[in-house]
Amino acid sequence: MMEPISIPKPENKDAALSQHSGNLMLMEARYQELVSSIRALIRSNKELNDALVDTPNDTDFLEAVSENRGVILKQRTMLLKLVLDMRRQGADMDVPEDIVRESNEIQKEVIAASSPVVSQEAVDATSGEEGIYL
């Protein structure tokens with residue numbers, strides 16, 4: 001009697017994605033999973049942001065919003081790759097417009113939050129000097 005063969009699970013979802021490249025039904029299922037997850041995270045962030053109006057310094061809420069933003073952007077990237085793979089298979093798929101719009105806004109917020117803010121005092125202090133000083 002032969003022993004069953006175990007198939008190792010992929011270490012991450014990107015590896016899982018490459019496993020079903022070519023199987024359109026599995027790709028469609030993954031597409032639905034990502035779309036549903038992204039929409040749920042966007043909805044959750046809206047609720048958290050509403051709650052932050054009443055408690056603006058709630059570190060748990062702030063951390064959750066930040067973490068959700070990162071997950072949304074990561075899943076959007078995965079969704080984009082999946083859509084491209086599906087198109088190569090002949091499927092007429094696209095990223096839903098609401099996800100494009102919302103994730104673009106999130107990306108702008110993340111970029112704005114990570115950009116250094118230069119005060120007018122710092123600009124005045126370096127007037128006439130050449131170069132960039134950190």
Side-chain angles (χ1 to χ4, degrees):
M1 184 165 149
M2 295 182 71
E3 291 187 32
I5 300 172
S6 76
I7 300 171
K9 291 186 178 186
E11 292 180 21
N12 62 39
K13 297 227 179 195
D14 284 334
L17 179 64
S18 66
Q19 277 190 343
H20 49 68
S21 290
N23 185 332
L24 203 49
M25 287 180 61
L26 290 175
M27 294 167 84
E28 288 175 2
R30 180 71 178 134
Y31 174 91
Q32 291 299 329
E33 179 184 6
L34 286 168
V35 167
S36 176
S37 176
I38 293 168
R39 285 179 174 153
L41 287 164
I42 290 169
R43 186 172 45 254
S44 175
N45 265 12
K46 286 181 180 180
E47 292 171 5
L48 286 166
N49 282 323
D50 289 346
L52 281 166
V53 170
D54 296 330
T55 55
N57 297 322
D58 189 313
T59 56
D60 290 334
F61 286 174
L62 291 168
E63 187 177 312
V65 168
S66 178
E67 185 177 322
N68 285 354
R69 286 178 177 163
V71 174
I72 289 167
L73 294 177
K74 180 180 177 183
Q75 287 185 353
R76 178 188 68 173
T77 300
M78 293 167 61
L79 184 59
L80 288 169
K81 289 177 185 178
L82 181 61
V83 165
L84 289 174
D85 284 346
M86 293 174 77
R87 285 181 178 176
R88 287 185 193 113
Q89 296 291 325
D92 183 25
M93 298 298 285
D94 211 347
V95 176
E97 188 61 37
D98 63 317
I99 291 177
V100 171
R101 184 179 54 255
E102 295 289 338
S103 62
N104 284 345
E105 286 300 315
I106 290 168
Q107 188 170 15
K108 287 177 190 174
E109 292 169 5
V110 168
I111 290 170
S114 64
S115 297
V117 177
V118 179
S119 70
Q120 186 60 44
E121 293 169 354
V123 172
D124 293 341
T126 58
S127 297
E129 297 178 24
E130 292 184 29
I132 299 173
Y133 301 90
L134 301 177

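Scanning all heavy atoms of the two residues, the minimum distance from A64 to N45 falls at O-OD1, 4.1 Å. Among all heavy-atom pairs drawn from S103 and L73, the shortest one is O-CD2, 3.7 Å. For the residue pair R30 and M78, the shortest heavy atom distance occurs at NH2-CE, 2.7 Å. What you find for R87 and M93 is that their closest heavy atoms are NE-O, 2.9 Å. The two residues V83 and Y31 have their closest heavy-atom pair at CG2-CE1, 3.8 Å.
Here the CD1 atom belonging to I106 is positioned 11.5 Å from the CZ atom belonging to R101, to the nearest 0.5 angstrom. How far CD of E28 is from CG of L82: 9.5 Å, rounded to the nearest 0.5 Å. For the atom pair CD of E97 and CD of E102, the computed distance is 10.5 Å after rounding to the nearest 0.5 Å. To the nearest 0.5 angstrom, L84 atom CG is 9.5 Å from L79 atom CG.
For the side chain to side chain contact (heavy atoms under 4.5 Å, CB included) with Q75, the lone residue among I38, L80, I99 that qualifies is I38.
The pair D85-R88 meets the salt-bridge criterion, since a charged nitrogen lies less than 4.0 angstrom from a carboxylate oxygen.
V95 is connected to L24 through a chain of hydrophobic side-chain contacts under 4.5 Å among Ile, Leu, Val, Met, Phe, Trp and Tyr, so both are in one cluster. The hydrophobic cluster containing I42 does not contain L48, counting ILVMFWY residues as joined when their side-chain heavy atoms lie under 4.5 angstrom apart, directly or transitively. L62 and V71 end up in different hydrophobic clusters when Ile, Leu, Val, Met, Phe, Trp and Tyr side chains are linked at under 4.5 Å. Hydrophobic clustering keeps V65 apart from L41 (ILVMFWY residues linked when any side-chain heavy atoms are closer than 4.5 Å, directly or through intermediates).
Residues N104 and R76 meet the side-chain proximity criterion, which asks for heavy atoms closer than 4.5 Å.
At distances below 3.5 Å, at least one donor-acceptor pair connects side-chain atoms of S114 with backbone N or O atoms of I111.
Under a cut-off of 6.0 angstrom, the local environment of CD in E109 is crowded, with over 12 non-hydrogen atoms contributed by other residues, nucleotides or ligands.
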